[in-house]
Structure formats: structure tokens, C-alpha cells
Novice: 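The structure follows.
Read the numbers this way: they start at 1 and go in the same order the structure lists the ligands and their atoms. All residue numbers refer to positions in the sequence shown, counting from 1. Everything quoted here is computed from the prediction, not taken from an experiment.
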Amino acid sequence: MKKIPVILDGDPGHDDAIAWVLARAMPGLDILAVTTCCGNQTLEKTTYNAGRVMALIGLDVPLAAGRERPLLAEPIIAPSVHGVSGLDGPALPEPDRQPVAEEAAAFMARIIREHEEAVVLISTGPLTNIAALLLLYPHLKNRVRHIYLMGGGIGHGNWTPAAEFNILVDPEAADLVFSSGIPLTMAGLDVTERALVFPEDFERIRAVGNEVARVTAEWLDYFYQFHQKLGYPGAPVHDAVAVTALVRPDLLVMRDLFVEVETRGDYCRGATIGDSYGITGKKPNVRCIMDIDRQAFVDLLVKAVSHYGKGAGA
Ligand code: RIB
Ligand code: CA
């Protein structure tokens, strides 16, 4: 079966890292590149973390660092969730590659231009780089086959009561992407807070016994600390749902909605407003994921870490 060409864009971040472990293990994906954005931590830290994750999982593709800051907004980082490094917890190998000289948007544009077919983007952080790509290279829009993104929430936020972190960090970027006309699948909090990996699931992953499995379990151990304090029964592995939407949509319940991003407002900036009842009369622009087969999702993660043989990245 023809592989799907994919670029991974994110802000690792524990759940970004787990999403990339999953993506790398999927035989149907042809990962062309990794790009990083500021979000969970500064660009420097997310790029360093991306290099470490890529070394761990043996992802031998180019890495490009994105923009130092959101399009207009002041940066927001999340050390309370991901730690000062942005990927606190288990020791990781040092990066085995330097980022390319080009900034992520220019690099994505070159990859997309040179690839013989349209490319899928999987975004697991703020949408800054993708918005920059669309702003700087609008003629390439039709060469982006689909964007699978973790972000938003039709019913609620997690960084403010109204806004989810990825969207809130760069609402202007999100507004550009959501109004681009490119096919979008949104893994928002509606589903990602149901994509819970329970502590007993951490042990299933750890028991697989290879280096990637051990590190993934320790990422979950760390990531769960923040969520456990909030009363979650498990770790919501938000970003891995964006990959799951591409490789196993059968595990998901989705509905097409017209969604717009609030870029103003004192209380609602960064909210993703879904027109659940068709009140606006506007055509849906987003496929929103609303539910997930949690057990099957965990089984997919266990299968993914089993892909990596003994020793890192084998
Ligand atoms: O709100 C969850 C999102 O914010 C995830 O992508 C997580 O990595 C953080 O970036
Ligand atoms: Ca992320």
C-alpha cells in the first residue's frame, strides 16, 4: 500500500513525543521531516527535545526549527506540565542531528514543493509554523492534503476555561489555519481528555521491555503527575490522538462542524467555537473528533512501542 507522506510539527512535550513514537511505528506513514515550534517550552528547548526523541526512536529525517514566538501573541510556556526542559523525566540520548539552516515554514515549503504528491501535516503544538507556511507560500496550499491537529475544544479549554493551550498560544495562527479551506481533523479536548492512559496501562507499556517502551512509560509517569493532582484517573495523551486520526480513524467518533477561533475577548481569546446546531448556516470546515475507543487506543500504543526492538530505535 502506498505510504502517506507526513510532516510532524510539534512542541515536545511528553505527549508530542509519544505521538511521534506512535507515528514512527506506523508502516503506512512516510515521515518526511520534523519541525518544531515554541509552546510547551521555548523553541530552543522543544527543538533540542525533538532531536533527542528522534535519536531515541531512530527517526532519520531532517529537523527544522520554527519561529521563536507566536505570530502576534506573547509566548506562553508550560513548565508546570512538562518541566523546565519541556521533556522532564527519563534520560534521553543527545540529538544525533543539527536542525537544518532553513526555518520550519521555508523548509516545509521546500519539502512540499519537491514531493511528488500532496503532503499530510500532523500538528501537535501551536499552529504558528503552519500558519507561517500558508502566509508565506499561499500557492502551496493545494499541496497540503490534510492537517491533523491536536488543539481546541468545542466545549471547554484547559489553559483558560475557554481555550485549549495550543490554540491559546497562537490564536491568530489557528484562525488562519481554520479558515484556510485545507481539510482539517481536530483532536480537541472533547476527545483527548477521553484518551486516558491509566497507570496500569503504563505497566503494560513498560513490560514490553525495550528502550523506547521504558522511556515511554517514564514519560507517562512524569506526565501523569500534573494530571493526577487535578483528579484525572489517567494521563490524557492528547497529541497521540492526532496521529490516531490518520492511522486508525476507526477508533474514533467524528463529526463535521463549522468552527471558528476567537482571537479577541478578555475571557474567550483562543476558544474554538463549534457550530453544533448549524446556527450560522456556514459549511463545516473541520472534522472534530468527539470520542475514542480508549482501550483500543491504549492497545495501539502498546503495539507501537513493541515495534521498537531491543535497544533504542532498532
Ligand atoms: O492542550 C494540550 C496540548 O498542549 C498538547 O499538545 C500538549 O503537548 C501541549 O502542547
Ligand atoms: Ca504538544
Novice: Check whether the side chains of Asp221 and Gln225 place a donor and an acceptor atom closer than 3.5 Å, and report yes or no.
Specialist: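 Short answer, no.
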Novice: Quick check, are the ring centers of His82 and Tyr222 under 6.0 angstrom apart?
Specialist: no
Novice: Using a 4.5 Å cut-off on heavy atoms from C-beta on, say whether the side chain of Val298 contacts that of Phe198.
Specialist: no
Novice: Can you establish whether the number of heavy atoms outside Lys3 located under 6.0 Å from its atom NZ is more than 12?
Specialist: yes
Novice: Are the side chains of Arg67 and Asn129 in contact, using a 4.5 Å heavy-atom criterion?
Specialist: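 Yes, at least one pair of side-chain atoms sits under 4.5 Å.
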Novice: Is it possible for you to say whether Leu127 and Phe107 belong to one hydrophobic cluster, with membership spreading through side-chain heavy-atom contacts below 4.5 Å?
Specialist: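 Yes, Leu127 and Phe107 fall within the same hydrophobic cluster.
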Novice: Enumerate the protein N/O/S atoms at a distance below 3.0 Å from the Ca ion (ligand 2), ignoring waters.
Specialist: Asp11 OD1, Asp16 OD1, Asp16 OD2, Thr124 O, Asp239 OD2
Novice: Looking only at heavy atoms, what is the nearest atom pair of Ala91 and Val215, with distance?
Specialist: O-CG2, 4.5 Å
Novice: Indicate whether any N or O donor in one side chain lies under 3.5 Å from an N or O acceptor in the other, for Asn49 and Thr46.
Specialist: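 No, Thr46 and Asn49 have no side-chain donor paired with an acceptor closer than 3.5 Å.
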Novice: Non-hydrogen atoms closer than 4.0 Å to ligand 1: which protein residues do they belong to? List them by chain and number, please.
Specialist: Asp11, Asp15, Asp16, Asn40, His82, Thr124, Met150, Asn158, Glu164, Phe165, Asn166, His238, Asp239
Novice: Indicate yes or no: at least one non-hydrogen side-chain atom of Leu220 is less than 4.5 angstrom from one of Val237.
Specialist: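 When only atoms from C-beta onward are counted, Val237 and Leu220 do touch, with a gap below 4.5 Å.
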